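Notes follow once the structure below has been shown.
Computation of the quantities below employed the complete heavy-atom set of this structure, encompassing side-chain atoms and omitting hydrogens, waters and symmetry-equivalent molecules. A note on names: the letters A, B, ... follow the listed sequences, proteins ahead of strands, and every chain is numbered from 1. Only a predicted model underlies this, so the values are computations on that prediction, with no experimental measurement involved.
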Protein chains: 2
Amino acid sequence: MQTGATLTKVKRSASEPLRDQILQRCRMMLMAGHVVPGQKLPLRPLAEEFDTSLMPVRDALNRLVADGALELSSSRTIRVPDMSDERLIELHEIRRSLEGLAAEYATPHISVSSIDRMQELIGEMAEALKVDDFDTYIARHFSFHFTLYAAAERETLLGLIDRLWLQVGPYFRQGIEQAKTACENPNVAHIKIVAGLKARDSTMVRTSVEYDVFSAVDFLRTGIWPKGQ
Amino acid sequence: MQTGATLTKVKRSASEPLRDQILQRCRMMLMAGHVVPGQKLPLRPLAEEFDTSLMPVRDALNRLVADGALELSSSRTIRVPDMSDERLIELHEIRRSLEGLAAEYATPHISVSSIDRMQELIGEMAEALKVDDFDTYIARHFSFHFTLYAAAERETLLGLIDRLWLQVGPYFRQGIEQAKTACENPNVAHIKIVAGLKARDSTMVRTSVEYDVFSAVDFLRTGIWPKGQ
DNA sequence: TTGTTATAACTGTTATTACAATTTTTAAAT
DNA sequence: ATTTAAAAATTGTAATAACAGTTATAACAA
């Protein structure tokens, strides 16, 4: 299947449908950049790897298509969509708007322990980057942002932001690998976010998050078009 | 099935999968408020009405669950979700943010003929309201807003806004029927939107759209809790 | 009448199979 | 060697049936 990730069997349990277990796996693959743009994800090989029938795999992938994380190309093959300049910019206009909103709502409510955790995550991100452990970097980076956004306690908003991250996931990894050094720049935003939270300054947090998202555009662009098209 | 809408058979054609045809039907039912909050939508009766098997119906409904327009209650029955005060407010915080964004981007690009059409739609809305033709009112109201948002030419943004409308759809109809007279208020916003477009004043259009969304909250609340809980 | 238990009906999920369309491969002809 | 055409393999979709929960109903007991 060449998903780049180690896939093990999923088990049928009453608590969680196979579809959801498979969905979770596929989400991880996308977020971690373990699938590459343009890559096909045919149902049957995936079903074989998960040791299930087509149906739950089909359900999971259809869900991801609905979320814009995958696409149904003409002649109905499911693949990881390519990124265009326009789409990248649009996604980040929306990200800026929604993540800024979430950041603002989160600021008064977020717990001190969560802020401390975010502080730690900044350190762990730097550590991971030093040893080229991109998987860990991506995981910590995700935790950092979603610890903040979850504190806004807006379920629908969180879901929308999640969808947007799923769409940039496959390109984010390429961005880091290409522009590793440039990652210091976003980290400045991260530090300001934590500082803003400690001061309970909603405007500062929102502005810092918006800047973080803003700077991500150029960062991602270098990953998508390394030669500088 | 008691969907309130007239359902006819869907036909298997090469061009469009049954799932998408059924999805379209269900979307209409939700947007037009032809299903009521709390109502169950079991697969088998729907499949019988559409004269298909479970699968395409299941696909369509799962998609709507993913979109937040339907919910999988505990004990996995699919139903129209109830609206809470918190959810209503959250949805409109997001709506305001995203529809404001779309409005701003649309203003410089929207064609004169589209603006004219929007002007017409305001009239048609008033007409429909006079004769209690709520179906027409809802359809025209939808056209009015999405003519604007489509002009922004942001596919992902449009998709997100569409999702949000799908979630408020079932409650919008109740709102109109309950607070019919109060509908003059939103119309003021509509008129300002068109005026702003003619002047190509992005800020004015954005502000008017944001006010329209803002005023929709109270309006919808009267529909959801008519007694004034 | 009320509470409990067994039975039946109904729910979405999953597996299997068949299908139609597309893509790839193979073979033949130029 | 290149082009064309036929055949095989691969794709997602859809139908059917079996499954495992849950909910409703009915029968029985107190």
To the nearest angstrom, the CZ-C1' distance between B/F50 and D/dA14 comes to 16 Å
Side chain of B/R44, base of C/dG12: donor and acceptor closer than 3.5 Å? yes
Nearest of D/dT13, D/dA14, D/dG12 to any side-chain atom of A/N62? D/dT13
When you match A/T77 and B/L72 each to their closest nucleotide on DNA chain C, which lands nearer the 5' end? B/L72
Counting the atoms with a prime plus P, OP1 and OP2 as sugar-phosphate, which does A/L54 contact under 4.0 Å by heavy atoms, base, sugar-phosphate, or nothing? base
Is it the case that the base of D/dA14 and the side chain of B/R58 share a donor-acceptor contact (distance under 3.5 Å, atom types as modelled)? no
Provide, to the nearest angstrom, the distance between the CG atom belonging to B/D20 and the P atom belonging to D/dT13. 8 Å
Atom CD of A/E48 and atom C1' of D/dT11 are separated, to the nearest Å, by 15 Å
Do A/F214 and A/H92 make the cut of ring centroids closer than 6.0 angstrom? no
What is the separation between atom CE on B/M55 and atom P on C/dA18, rounded to the nearest whole Å? 17 Å
Give the ring-plane orientation class for A/H145 versus A/H141, where under 30° counts as parallel, over 60° as perpendicular and anything between as tilted. perpendicular
Show every donor-acceptor pair shorter than 3.5 Å between a side-chain atom in residues 151-161 of chain A and any protein atom, with sequence neighbours excluded, or say none if there are none.
residue : atom : partner : partner atom : Å
A/R154  : NE   : B/E93   : OE1          : 2.8
A/R154  : NH1  : A/A152  : O            : 3.1
A/R154  : NH2  : B/E93   : OE2          : 3.1

Between C1' of C/dT14 and CG of A/L43, the distance in whole Å: 14 Å
Checking C/dT14, C/dT11, D/dA14 against the side chain of B/P42 (C-beta onward), the nearest is C/dT11
Take atom CZ of B/R79 and atom P of D/dT22, then tell me their distance rounded to the nearest Å. 17 Å
Without decimals, in angstroms, what is the distance between A/R76 CZ and C/dA21 C1'? 5 Å
Interatomic distance, A/E71 CD vs D/dG12 P [rounded to whole Å]: 13 Å
Do B/F172 and B/W165 touch side chain to side chain, with heavy atoms closer than 4.5 Å? no
Heavy atoms, side chains only, cut-off 4.5 Å: are A/L30 and A/L70 in contact? yes
